[in-house]
Protein chains: 2
Amino acid sequence: MDKTHKCDKSDKCAEKRDLIIQAALELVAEQGFHGAPMAMIAEKAGVGAGTIYRYFENKDDLIRWIYKNVEERFVEVMMQGYPEHGPVRERLVHIGTALVRHLINEPLQLRFVEQFHNSPYGVDHRREKIFGQQKKDIISELFHEAVAQQIFKPLELAILFSLFFGPLVDICRDHILGFIKLDDALIEQVVGACWDALRR
Amino acid sequence: MDKTHKCDKSDKCAEKRDLIIQAALELVAEQGFHGAPMAMIAEKAGVGAGTIYRYFENKDDLIRWIYKNVEERFVEVMMQGYPEHGPVRERLVHIGTALVRHLINEPLQLRFVEQFHNSPYGVDHRREKIFGQQKKDIISELFHEAVAQQIFKPLELAILFSLFFGPLVDICRDHILGFIKLDDALIEQVVGACWDALRR
DNA sequence: TCCTACGGAATGACCGTTCATTCCCTTATA
DNA sequence: TATAAGGGAATGAACGGTCATTCCGTAGGA
(Lines give C-alpha, C1' and ligand atoms only; values in the text may rest on other atoms or scores of the structure.)
Protein backbone atom coordinates (compact mmCIF):
# COMPACT_ATOMS: atom_id res chain seq x y z
CA MET A 1 0.00 0.00 0.00
CA ASP A 2 1.43 3.37 -0.94
CA LYS A 3 1.46 6.04 1.67
CA THR A 4 -0.53 9.06 0.61
CA HIS A 5 1.84 11.77 -0.41
CA LYS A 6 1.36 15.23 -1.71
CA CYS A 7 3.56 15.05 -4.75
CA ASP A 8 3.06 11.83 -6.70
CA LYS A 9 3.86 13.16 -10.10
CA SER A 10 7.30 13.28 -11.60
CA ASP A 11 8.97 15.85 -9.39
CA LYS A 12 11.68 15.70 -6.77
CA CYS A 13 9.60 13.60 -4.41
CA ALA A 14 9.24 10.79 -6.91
CA GLU A 15 12.98 10.90 -7.43
CA LYS A 16 13.61 10.49 -3.73
CA ARG A 17 11.18 7.62 -3.57
CA ASP A 18 13.02 5.89 -6.39
CA LEU A 19 16.33 6.40 -4.65
CA ILE A 20 14.97 4.61 -1.60
CA ILE A 21 13.59 1.77 -3.68
CA GLN A 22 16.82 1.31 -5.59
CA ALA A 23 18.90 1.36 -2.42
CA ALA A 24 16.68 -1.20 -0.72
CA LEU A 25 16.64 -3.43 -3.80
CA GLU A 26 20.42 -3.43 -4.02
CA LEU A 27 21.06 -4.00 -0.34
CA VAL A 28 18.55 -6.81 0.02
CA ALA A 29 19.73 -8.45 -3.18
CA GLU A 30 23.40 -8.29 -2.24
CA GLN A 31 23.31 -8.78 1.51
CA GLY A 32 19.94 -10.35 2.27
CA PHE A 33 17.35 -8.93 4.61
CA HIS A 34 19.77 -9.09 7.53
CA GLY A 35 22.19 -6.86 5.71
CA ALA A 36 19.66 -4.21 4.82
CA PRO A 37 18.68 -2.27 7.94
CA MET A 38 16.63 0.86 7.39
CA ALA A 39 19.49 3.09 8.48
CA MET A 40 21.73 1.60 5.79
CA ILE A 41 19.03 1.90 3.14
CA ALA A 42 18.62 5.54 4.08
CA GLU A 43 22.33 6.21 3.93
CA LYS A 44 22.70 4.51 0.55
CA ALA A 45 19.72 6.48 -0.77
CA GLY A 46 21.20 9.69 0.58
CA VAL A 47 18.19 10.52 2.75
CA GLY A 48 17.44 10.63 6.43
CA ALA A 49 16.28 7.50 8.19
CA GLY A 50 12.91 9.03 8.97
CA THR A 51 12.30 10.08 5.40
CA ILE A 52 11.63 6.52 4.31
CA TYR A 53 8.54 6.53 6.50
CA ARG A 54 7.10 9.39 4.52
CA TYR A 55 6.93 7.13 1.50
CA PHE A 56 6.29 3.71 3.07
CA GLU A 57 4.37 2.71 6.16
CA ASN A 58 7.13 0.44 7.39
CA LYS A 59 9.82 -1.92 6.20
CA ASP A 60 7.37 -4.66 5.23
CA ASP A 61 5.46 -2.23 3.10
CA LEU A 62 8.64 -1.17 1.32
CA ILE A 63 9.77 -4.74 0.70
CA ARG A 64 6.40 -5.92 -0.54
CA TRP A 65 6.08 -2.94 -2.85
CA ILE A 66 9.44 -3.69 -4.44
CA TYR A 67 8.58 -7.37 -4.80
CA LYS A 68 5.28 -6.68 -6.48
CA ASN A 69 6.88 -4.37 -9.00
CA VAL A 70 9.77 -6.69 -9.76
CA GLU A 71 7.41 -9.61 -10.28
CA GLU A 72 5.23 -7.57 -12.59
CA ARG A 73 8.27 -6.73 -14.66
CA PHE A 74 9.06 -10.45 -14.99
CA VAL A 75 5.62 -11.11 -16.42
CA GLU A 76 5.86 -8.12 -18.74
CA VAL A 77 9.14 -9.36 -20.12
CA MET A 78 7.82 -12.86 -20.72
CA MET A 79 4.77 -11.47 -22.50
CA GLN A 80 6.74 -9.14 -24.73
CA GLY A 81 6.64 -10.56 -28.23
CA TYR A 82 4.75 -13.62 -26.98
CA PRO A 83 3.71 -15.69 -30.03
CA GLU A 84 0.13 -16.10 -28.87
CA HIS A 85 -0.98 -18.18 -31.82
CA GLY A 86 2.19 -20.20 -32.31
CA PRO A 87 2.60 -23.86 -31.37
CA VAL A 88 3.01 -24.74 -27.70
CA ARG A 89 6.72 -25.39 -27.92
CA GLU A 90 7.41 -22.04 -29.53
CA ARG A 91 5.40 -20.22 -26.89
CA LEU A 92 7.13 -22.05 -24.06
CA VAL A 93 10.59 -21.48 -25.48
CA HIS A 94 9.76 -17.80 -25.82
CA ILE A 95 8.74 -17.55 -22.18
CA GLY A 96 11.77 -19.45 -20.90
CA THR A 97 14.27 -17.61 -23.04
CA ALA A 98 12.82 -14.20 -22.28
CA LEU A 99 12.86 -14.95 -18.57
CA VAL A 100 16.46 -16.14 -18.51
CA ARG A 101 17.66 -13.21 -20.62
CA HIS A 102 15.94 -10.78 -18.32
CA LEU A 103 17.17 -12.41 -15.12
CA ILE A 104 20.81 -12.39 -16.13
CA ASN A 105 20.50 -8.77 -17.21
CA GLU A 106 18.88 -7.79 -13.91
CA PRO A 107 20.76 -9.84 -11.34
CA LEU A 108 19.58 -7.62 -8.49
CA GLN A 109 15.96 -8.37 -9.30
CA LEU A 110 16.58 -12.11 -9.31
CA ARG A 111 18.49 -12.05 -6.04
CA PHE A 112 15.84 -9.87 -4.45
CA VAL A 113 13.03 -12.20 -5.43
CA GLU A 114 14.95 -15.19 -4.13
CA GLN A 115 15.50 -13.47 -0.81
CA PHE A 116 11.81 -12.67 -0.66
CA HIS A 117 10.71 -16.20 -1.39
CA ASN A 118 12.85 -17.47 1.46
CA SER A 119 11.33 -15.42 4.21
CA PRO A 120 8.21 -15.47 6.33
CA TYR A 121 6.12 -13.89 3.56
CA GLY A 122 7.54 -16.24 0.99
CA VAL A 123 5.41 -19.21 1.99
CA ASP A 124 2.25 -17.16 2.29
CA HIS A 125 2.87 -15.72 -1.12
CA ARG A 126 3.32 -19.14 -2.71
CA ARG A 127 0.21 -20.46 -0.98
CA GLU A 128 -1.78 -17.58 -2.37
CA LYS A 129 -0.34 -18.14 -5.82
CA ILE A 130 -1.16 -21.83 -5.93
CA PHE A 131 -4.56 -21.90 -4.26
CA GLY A 132 -5.78 -18.56 -5.56
CA GLN A 133 -4.92 -19.68 -9.06
CA GLN A 134 -8.41 -19.03 -10.37
CA LYS A 135 -7.30 -15.93 -12.23
CA LYS A 136 -6.34 -16.95 -15.71
CA ASP A 137 -2.89 -15.69 -16.43
CA ILE A 138 -1.57 -16.54 -19.85
CA ILE A 139 1.17 -18.84 -18.65
CA SER A 140 -1.16 -21.04 -16.59
CA GLU A 141 -3.46 -21.20 -19.58
CA LEU A 142 -0.64 -22.34 -21.80
CA PHE A 143 0.27 -25.15 -19.41
CA HIS A 144 -3.35 -26.23 -19.00
CA GLU A 145 -3.83 -26.26 -22.74
CA ALA A 146 -0.68 -28.33 -23.26
CA VAL A 147 -1.85 -30.90 -20.72
CA ALA A 148 -5.31 -31.05 -22.29
CA GLN A 149 -3.80 -31.60 -25.73
CA GLN A 150 -1.64 -34.38 -24.29
CA ILE A 151 1.51 -32.53 -25.24
CA PHE A 152 2.62 -32.33 -21.61
CA LYS A 153 2.70 -35.09 -19.03
CA PRO A 154 -0.54 -35.22 -17.05
CA LEU A 155 0.79 -33.54 -13.89
CA GLU A 156 -0.43 -30.79 -11.63
CA LEU A 157 0.38 -27.22 -12.54
CA ALA A 158 2.63 -26.73 -9.51
CA ILE A 159 4.77 -29.69 -10.55
CA LEU A 160 5.00 -28.61 -14.18
CA PHE A 161 6.05 -25.14 -13.05
CA SER A 162 8.78 -26.62 -10.85
CA LEU A 163 10.06 -28.74 -13.72
CA PHE A 164 10.22 -25.80 -16.08
CA PHE A 165 10.99 -22.68 -14.05
CA GLY A 166 12.98 -24.27 -11.23
CA PRO A 167 16.07 -25.19 -13.24
CA LEU A 168 15.91 -21.97 -15.27
CA VAL A 169 16.07 -19.81 -12.18
CA ASP A 170 18.78 -22.04 -10.71
CA ILE A 171 21.07 -21.62 -13.70
CA CYS A 172 20.52 -17.88 -13.76
CA ARG A 173 21.70 -17.71 -10.16
CA ASP A 174 24.71 -19.81 -11.01
CA HIS A 175 25.47 -17.47 -13.89
CA ILE A 176 25.14 -14.36 -11.74
CA LEU A 177 27.36 -15.84 -9.05
CA GLY A 178 29.92 -16.70 -11.72
CA PHE A 179 29.66 -20.46 -11.36
CA ILE A 180 28.71 -20.98 -15.00
CA LYS A 181 28.74 -18.77 -18.08
CA LEU A 182 25.50 -18.62 -20.03
CA ASP A 183 25.31 -17.58 -23.67
CA ASP A 184 22.48 -17.72 -26.21
CA ALA A 185 23.33 -21.23 -27.38
CA LEU A 186 23.48 -22.56 -23.84
CA ILE A 187 20.23 -20.86 -22.86
CA GLU A 188 18.55 -22.54 -25.80
CA GLN A 189 19.89 -25.91 -24.74
CA VAL A 190 18.71 -25.55 -21.17
CA VAL A 191 15.26 -24.30 -22.16
CA GLY A 192 15.11 -27.27 -24.50
CA ALA A 193 16.00 -29.60 -21.65
CA CYS A 194 13.19 -28.15 -19.52
CA TRP A 195 10.82 -28.67 -22.41
CA ASP A 196 11.89 -32.30 -22.56
CA ALA A 197 10.97 -32.68 -18.89
CA LEU A 198 7.44 -31.49 -19.57
CA ARG A 199 6.86 -33.34 -22.81
CA ARG A 200 4.80 -36.49 -22.73
CA MET B 1 34.22 -27.36 15.05
CA ASP B 2 33.17 -29.02 18.27
CA LYS B 3 34.05 -27.37 21.48
CA THR B 4 36.23 -29.52 23.66
CA HIS B 5 34.14 -31.04 26.35
CA LYS B 6 34.92 -33.39 29.14
CA CYS B 7 32.26 -35.95 28.39
CA ASP B 8 32.01 -36.70 24.70
CA LYS B 9 30.86 -40.27 24.94
CA SER B 10 27.28 -41.37 25.21
CA ASP B 11 26.37 -40.07 28.64
CA LYS B 12 24.10 -37.32 29.88
CA CYS B 13 26.17 -34.63 28.19
CA ALA B 14 25.68 -36.14 24.78
CA GLU B 15 21.97 -36.28 25.46
CA LYS B 16 21.89 -32.59 26.28
CA ARG B 17 23.86 -31.84 23.15
CA ASP B 18 21.32 -33.72 21.06
CA LEU B 19 18.47 -31.84 22.70
CA ILE B 20 20.06 -28.57 21.66
CA ILE B 21 20.62 -29.78 18.11
CA GLN B 22 17.08 -31.04 17.76
CA ALA B 23 15.60 -27.82 19.15
CA ALA B 24 17.69 -25.66 16.81
CA LEU B 25 16.85 -27.84 13.81
CA GLU B 26 13.13 -27.60 14.48
CA LEU B 27 13.08 -23.88 15.15
CA VAL B 28 15.18 -22.95 12.14
CA ALA B 29 13.22 -25.28 9.89
CA GLU B 30 9.84 -23.99 11.03
CA GLN B 31 10.53 -20.32 11.63
CA GLY B 32 13.72 -19.53 9.74
CA PHE B 33 16.86 -18.08 11.25
CA HIS B 34 14.99 -15.00 12.45
CA GLY B 35 12.63 -17.14 14.47
CA ALA B 36 15.33 -19.15 16.19
CA PRO B 37 17.11 -16.98 18.75
CA MET B 38 19.47 -18.73 21.11
CA ALA B 39 17.22 -18.09 24.10
CA MET B 40 14.35 -19.86 22.36
CA ILE B 41 16.53 -22.76 21.31
CA ALA B 42 17.66 -23.10 24.92
CA GLU B 43 14.11 -23.04 26.23
CA LYS B 44 12.90 -25.60 23.70
CA ALA B 45 15.85 -27.84 24.56
CA GLY B 46 15.14 -27.41 28.25
CA VAL B 47 18.58 -26.00 29.07
CA GLY B 48 19.94 -22.65 30.11
CA ALA B 49 20.94 -20.16 27.46
CA GLY B 50 24.57 -20.29 28.54
CA THR B 51 24.70 -24.07 28.36
CA ILE B 52 24.61 -24.04 24.57
CA TYR B 53 28.01 -22.33 24.62
CA ARG B 54 29.49 -25.25 26.45
CA TYR B 55 28.81 -27.41 23.40
CA PHE B 56 29.19 -24.95 20.53
CA GLU B 57 31.46 -21.95 20.11
CA ASN B 58 28.67 -19.73 18.87
CA LYS B 59 25.50 -19.78 16.83
CA ASP B 60 27.29 -20.11 13.49
CA ASP B 61 29.15 -23.11 14.78
CA LEU B 62 25.89 -24.73 15.87
CA ILE B 63 24.16 -24.04 12.57
CA ARG B 64 27.05 -25.28 10.44
CA TRP B 65 27.37 -28.42 12.50
CA ILE B 66 23.71 -29.25 12.00
CA TYR B 67 23.94 -28.52 8.28
CA LYS B 68 26.94 -30.75 7.79
CA ASN B 69 25.25 -33.64 9.55
CA VAL B 70 21.96 -33.26 7.71
CA GLU B 71 23.72 -33.14 4.38
CA GLU B 72 25.71 -36.25 5.21
CA ARG B 73 22.49 -38.04 6.00
CA PHE B 74 21.12 -37.08 2.57
CA VAL B 75 24.09 -38.69 0.87
CA GLU B 76 23.84 -41.78 3.06
CA VAL B 77 20.20 -42.25 2.13
CA MET B 78 20.88 -41.88 -1.58
CA MET B 79 23.70 -44.40 -1.37
CA GLN B 80 21.68 -46.97 0.56
CA GLY B 81 20.91 -49.82 -1.81
CA TYR B 82 22.56 -47.93 -4.67
CA PRO B 83 22.70 -50.28 -7.70
CA GLU B 84 26.33 -49.56 -8.42
CA HIS B 85 26.55 -51.82 -11.44
CA GLY B 86 23.10 -51.19 -12.89
CA PRO B 87 22.38 -49.09 -15.96
CA VAL B 88 22.55 -45.31 -15.65
CA ARG B 89 18.81 -44.80 -15.63
CA GLU B 90 18.30 -47.28 -12.81
CA ARG B 91 21.02 -45.65 -10.72
CA LEU B 92 19.62 -42.19 -11.28
CA VAL B 93 16.07 -43.21 -10.50
CA HIS B 94 17.31 -44.82 -7.31
CA ILE B 95 19.03 -41.64 -6.22
CA GLY B 96 16.08 -39.40 -7.05
CA THR B 97 13.49 -41.65 -5.47
CA ALA B 98 15.54 -42.23 -2.32
CA LEU B 99 16.09 -38.51 -1.95
CA VAL B 100 12.44 -37.58 -2.36
CA ARG B 101 11.28 -40.32 0.00
CA HIS B 102 13.74 -39.18 2.61
CA LEU B 103 12.92 -35.50 2.26
CA ILE B 104 9.19 -35.94 2.67
CA ASN B 105 9.80 -38.17 5.70
CA GLU B 106 12.13 -35.62 7.26
CA PRO B 107 10.52 -32.30 6.44
CA LEU B 108 12.51 -30.50 9.12
CA GLN B 109 15.76 -31.49 7.47
CA LEU B 110 14.64 -30.23 4.08
CA ARG B 111 13.39 -26.94 5.46
CA PHE B 112 16.57 -26.47 7.46
CA VAL B 113 18.78 -27.02 4.44
CA GLU B 114 16.72 -24.59 2.39
CA GLN B 115 17.05 -21.95 5.06
CA PHE B 116 20.78 -22.54 5.15
CA HIS B 117 21.19 -22.26 1.41
CA ASN B 118 19.47 -18.89 1.47
CA SER B 119 21.74 -17.15 3.89
CA PRO B 120 25.17 -15.54 3.85
CA TYR B 121 26.89 -18.92 4.14
CA GLY B 122 24.72 -20.40 1.45
CA VAL B 123 26.59 -18.81 -1.43
CA ASP B 124 30.00 -19.61 0.01
CA HIS B 125 28.96 -23.18 0.47
CA ARG B 126 27.77 -23.55 -3.10
CA ARG B 127 30.91 -21.92 -4.43
CA GLU B 128 32.98 -24.43 -2.51
CA LYS B 129 30.85 -27.28 -3.77
CA ILE B 130 31.13 -26.33 -7.42
CA PHE B 131 34.75 -25.22 -7.64
CA GLY B 132 36.11 -27.70 -5.12
CA GLN B 133 34.46 -30.49 -7.05
CA GLN B 134 37.68 -32.41 -7.48
CA LYS B 135 36.70 -34.98 -4.91
CA LYS B 136 34.99 -37.79 -6.67
CA ASP B 137 31.70 -38.42 -5.02
CA ILE B 138 29.66 -41.18 -6.54
CA ILE B 139 26.88 -38.95 -7.83
CA SER B 140 29.23 -36.65 -9.73
CA GLU B 141 30.88 -39.72 -11.20
CA LEU B 142 27.55 -41.04 -12.37
CA PHE B 143 26.74 -37.78 -14.13
CA HIS B 144 30.18 -37.55 -15.72
CA GLU B 145 29.93 -41.11 -16.93
CA ALA B 146 26.49 -40.52 -18.42
CA VAL B 147 27.75 -37.47 -20.30
CA ALA B 148 30.79 -39.37 -21.57
CA GLN B 149 28.58 -42.20 -22.80
CA GLN B 150 26.38 -39.66 -24.56
CA ILE B 151 23.40 -40.73 -22.51
CA PHE B 152 23.05 -37.23 -21.04
CA LYS B 153 23.06 -33.92 -22.88
CA PRO B 154 26.58 -32.46 -23.06
CA LEU B 155 26.13 -29.86 -20.31
CA GLU B 156 28.12 -28.78 -17.30
CA LEU B 157 27.65 -30.66 -14.07
CA ALA B 158 26.13 -27.66 -12.30
CA ILE B 159 23.42 -27.41 -14.97
CA LEU B 160 22.65 -31.11 -14.97
CA PHE B 161 22.34 -31.02 -11.19
CA SER B 162 19.91 -28.12 -11.41
CA LEU B 163 17.82 -29.94 -13.98
CA PHE B 164 17.62 -33.09 -11.89
CA PHE B 165 17.69 -32.06 -8.23
CA GLY B 166 16.07 -28.63 -8.52
CA PRO B 167 12.57 -29.80 -9.39
CA LEU B 168 12.77 -32.74 -7.00
CA VAL B 169 13.51 -30.52 -4.04
CA ASP B 170 10.84 -28.05 -5.18
CA ILE B 171 8.10 -30.67 -5.23
CA CYS B 172 9.16 -32.00 -1.84
CA ARG B 173 8.73 -28.53 -0.41
CA ASP B 174 5.33 -28.22 -2.04
CA HIS B 175 4.38 -31.57 -0.55
CA ILE B 176 5.54 -30.58 2.92
CA LEU B 177 3.67 -27.29 2.75
CA GLY B 178 0.56 -29.15 1.64
CA PHE B 179 0.37 -27.65 -1.82
CA ILE B 180 0.52 -31.04 -3.53
CA LYS B 181 0.19 -34.64 -2.35
CA LEU B 182 3.02 -36.94 -3.39
CA ASP B 183 2.64 -40.72 -3.51
CA ASP B 184 4.88 -43.44 -4.91
CA ALA B 185 3.35 -43.30 -8.37
CA LEU B 186 3.70 -39.54 -8.56
CA ILE B 187 7.29 -39.62 -7.32
CA GLU B 188 8.11 -42.08 -10.05
CA GLN B 189 6.55 -39.83 -12.66
CA VAL B 190 8.43 -36.76 -11.52
CA VAL B 191 11.76 -38.55 -11.29
CA GLY B 192 11.06 -39.83 -14.77
CA ALA B 193 10.41 -36.28 -15.98
CA CYS B 194 13.74 -35.13 -14.53
CA TRP B 195 15.43 -38.01 -16.30
CA ASP B 196 13.85 -36.84 -19.55
CA ALA B 197 15.40 -33.42 -19.02
CA LEU B 198 18.86 -34.92 -18.77
CA ARG B 199 18.53 -37.45 -21.56
CA ARG B 200 20.11 -36.65 -24.85
C1' DT C 1 37.46 -29.31 49.37
C1' DC C 2 38.02 -28.97 44.50
C1' DC C 3 36.34 -29.12 40.01
C1' DT C 4 33.09 -29.24 36.38
C1' DA C 5 28.50 -28.53 34.41
C1' DC C 6 24.83 -25.65 34.52
C1' DG C 7 21.37 -21.80 34.60
C1' DG C 8 19.77 -17.44 33.71
C1' DA C 9 20.35 -12.55 34.72
C1' DA C 10 23.36 -9.05 32.91
C1' DT C 11 25.63 -6.80 29.02
C1' DG C 12 26.31 -4.30 25.02
C1' DA C 13 25.36 -4.02 20.18
C1' DC C 14 21.98 -3.36 16.83
C1' DC C 15 17.42 -2.60 14.63
C1' DG C 16 12.86 -0.57 13.32
C1' DT C 17 10.31 3.20 14.31
C1' DT C 18 9.02 7.77 16.21
C1' DC C 19 8.85 12.66 16.82
C1' DA C 20 10.46 17.32 18.00
C1' DT C 21 12.88 20.21 15.26
C1' DT C 22 14.80 22.38 11.10
C1' DC C 23 14.74 23.44 6.29
C1' DC C 24 12.91 25.24 2.23
C1' DC C 25 9.47 26.43 -1.03
C1' DT C 26 5.22 28.75 -1.92
C1' DT C 27 2.07 32.39 -1.24
C1' DA C 28 0.32 36.77 0.60
C1' DT C 29 0.94 41.49 1.34
C1' DA C 30 2.45 46.18 0.65
C1' DT D 1 10.12 43.62 -5.95
C1' DA D 2 11.04 42.82 -1.06
C1' DT D 3 9.59 40.68 2.98
C1' DA D 4 7.14 37.87 6.11
C1' DA D 5 4.36 33.99 7.25
C1' DG D 6 2.74 29.42 6.65
C1' DG D 7 3.16 24.55 5.92
C1' DG D 8 4.68 20.36 4.06
C1' DA D 9 9.11 17.71 3.59
C1' DA D 10 13.16 16.11 5.61
C1' DT D 11 16.02 15.05 9.35
C1' DG D 12 18.52 12.26 12.82
C1' DA D 13 18.87 11.67 17.77
C1' DA D 14 16.40 9.00 20.89
C1' DC D 15 13.44 5.04 22.36
C1' DG D 16 11.99 0.45 23.26
C1' DG D 17 12.80 -4.01 22.13
C1' DT D 18 15.54 -8.06 20.69
C1' DC D 19 19.57 -10.55 19.93
C1' DA D 20 24.05 -13.20 20.74
C1' DT D 21 27.18 -13.70 24.11
C1' DT D 22 29.30 -13.41 28.77
C1' DC D 23 29.65 -13.80 33.62
C1' DC D 24 29.06 -15.41 37.96
C1' DG D 25 26.68 -17.88 41.64
C1' DT D 26 25.11 -22.60 42.53
C1' DA D 27 24.79 -27.59 42.71
C1' DG D 28 26.65 -32.08 42.70
C1' DG D 29 30.05 -35.63 42.17
C1' DA D 30 34.94 -37.22 43.34
Side-chain angles (χ1 to χ4, degrees), chain A residues 1-25 27-28 30-67 115-116 119-121, chain B residues 1-25 27-28 30-67 115-116 119-121:
Chain A
M1 223 52 85
D2 278 7
K3 201 155 187 178
T4 51
H5 201 278
K6 267 290 170 64
C7 33
D8 308 66
K9 309 303 173 187
S10 56
D11 53 5
K12 275 196 211 159
C13 290
E15 276 175 33
K16 196 153 284 193
R17 197 171 195 276
D18 288 344
L19 286 174
I20 293 167
I21 290 168
Q22 187 60 26
L25 177 67
L27 280 171
V28 171
E30 287 165 0
Q31 320 277 351
F33 285 100
H34 303 274
M38 293 298 257
M40 204 179 289
I41 293 172
E43 192 190 10
K44 186 162 191 140
V47 304
T51 306
I52 299 177
Y53 292 86
R54 300 200 62 77
Y55 296 94
F56 301 94
E57 274 184 26
N58 49 40
K59 194 173 184 179
D60 269 20
D61 185 34
L62 169 62
I63 297 301
R64 284 184 204 276
W65 195 92
I66 295 175
Y67 178 80
Q115 295 290 344
F116 185 89
S119 69
Y121 348 90
Chain B
M1 226 50 85
D2 278 8
K3 201 156 189 179
T4 50
H5 202 278
K6 268 290 170 63
C7 34
D8 306 67
K9 309 304 173 186
S10 56
D11 52 6
K12 275 197 213 157
C13 290
E15 276 175 34
K16 196 154 284 192
R17 198 171 196 275
D18 288 344
L19 286 174
I20 293 167
I21 290 168
Q22 187 60 26
L25 177 68
L27 281 171
V28 171
E30 287 165 0
Q31 320 277 352
F33 285 100
H34 302 275
M38 293 297 258
M40 204 180 289
I41 292 172
E43 193 191 8
K44 186 162 190 138
V47 304
T51 305
I52 298 177
Y53 292 85
R54 302 200 61 78
Y55 295 95
F56 301 94
E57 274 184 27
N58 50 40
K59 194 174 185 179
D60 269 20
D61 184 35
L62 169 61
I63 298 300
R64 284 185 205 276
W65 196 92
I66 295 175
Y67 178 80
Q115 295 290 344
F116 185 89
S119 68
Y121 348 91

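Letters go in sequence order (proteins before strands), and every chain restarts at 1.
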Rounded to whole Å, the NZ-P distance (A:K59 to C:dC14) equals 15 Å
A:R54 CZ to C:dC24 C1', in whole Å, measures 14 Å
Here the distance between atom P of D:dT21 and atom CD1 of B:I63, to the nearest Å, is 10 Å
Rounded to whole Å, CD1 of B:I41 lies from P of C:dC6 at a distance of 17 Å
Atom CG of A:N58 and atom P of C:dC15 are separated, to the nearest Å, by 17 Å
If you count every heavy atom of other residues, nucleotides or ligands that lies below 6.0 Å from A:E43 atom CD, does the total exceed 12? no
So which protein nitrogen or oxygen atoms get under 3.5 Å of nucleotides 13-16 of chain D's nitrogens or oxygens?
none

note: A:I52, atom CD1; D:dT11, atom P; distance rounded to Å ~ 10 Å
Between A:F33 and A:T51, whichever has its closest DNA chain C nucleotide further toward 5' is A:F33
Rounded to whole Å, the CG-C1' distance (A:D60 to C:dC15) equals 14 Å
The nucleotide from C:dG7, D:dA10, D:dT21 with an atom nearest the side chain of B:K16 is C:dG7
#### Entry: C:dC6 phosphate, OP1 or OP2, under 4.0 Å from B:Y55 side-chain N/O
yes
Requested in this report: Could you walk me through whether B:F56 and B:I21 pass side chain to side chain contact (heavy atoms under 4.5 Å, CB included), step by step?
Outcome: CA-CA 10 Å; B:F56 301 94; B:I21 290 168; 3.9 Å; yes
Considering only heavy side-chain atoms of B:M38, the closest of C:dT17, D:dT11, D:dT21 is D:dT21
What one should report as the nearest heavy-atom pair of A:A49 and A:A42 is CA-CB, 3.6 Å
- Task: Go through A:K44 and A:Q22 one step at a time and tell me if the side chain to side chain contact (heavy atoms under 4.5 Å, CB included) criterion holds.
- Result: CA-CA 9 Å; A:K44 186 162 191 140; A:Q22 187 60 26; over 6 Å; no
Across all chains, not counting sequence neighbours, the ring-ring contact (aromatic ring centres under 6.0 Å, His included) partners of B:Y67 are B:F116, B:H117, B:H125
Respond yes when some side-chain nitrogen or oxygen of B:Y53 is under 4.0 Å from OP1 or OP2 of D:dC23, and no when none is. no
I'd like to check A:D61 versus A:N58 (side-chain heavy atoms, cut-off strictly below 4.5 Å). Are they in contact?
yes
Discussion item. Less than 4.5 Å apart, side chain to side chain, heavy atoms only: is that true for A:R54 and A:R17?
Written reply: no
In whole angstroms, the gap separating P of C:dC6 from CD1 of B:I20 amounts to 8 Å
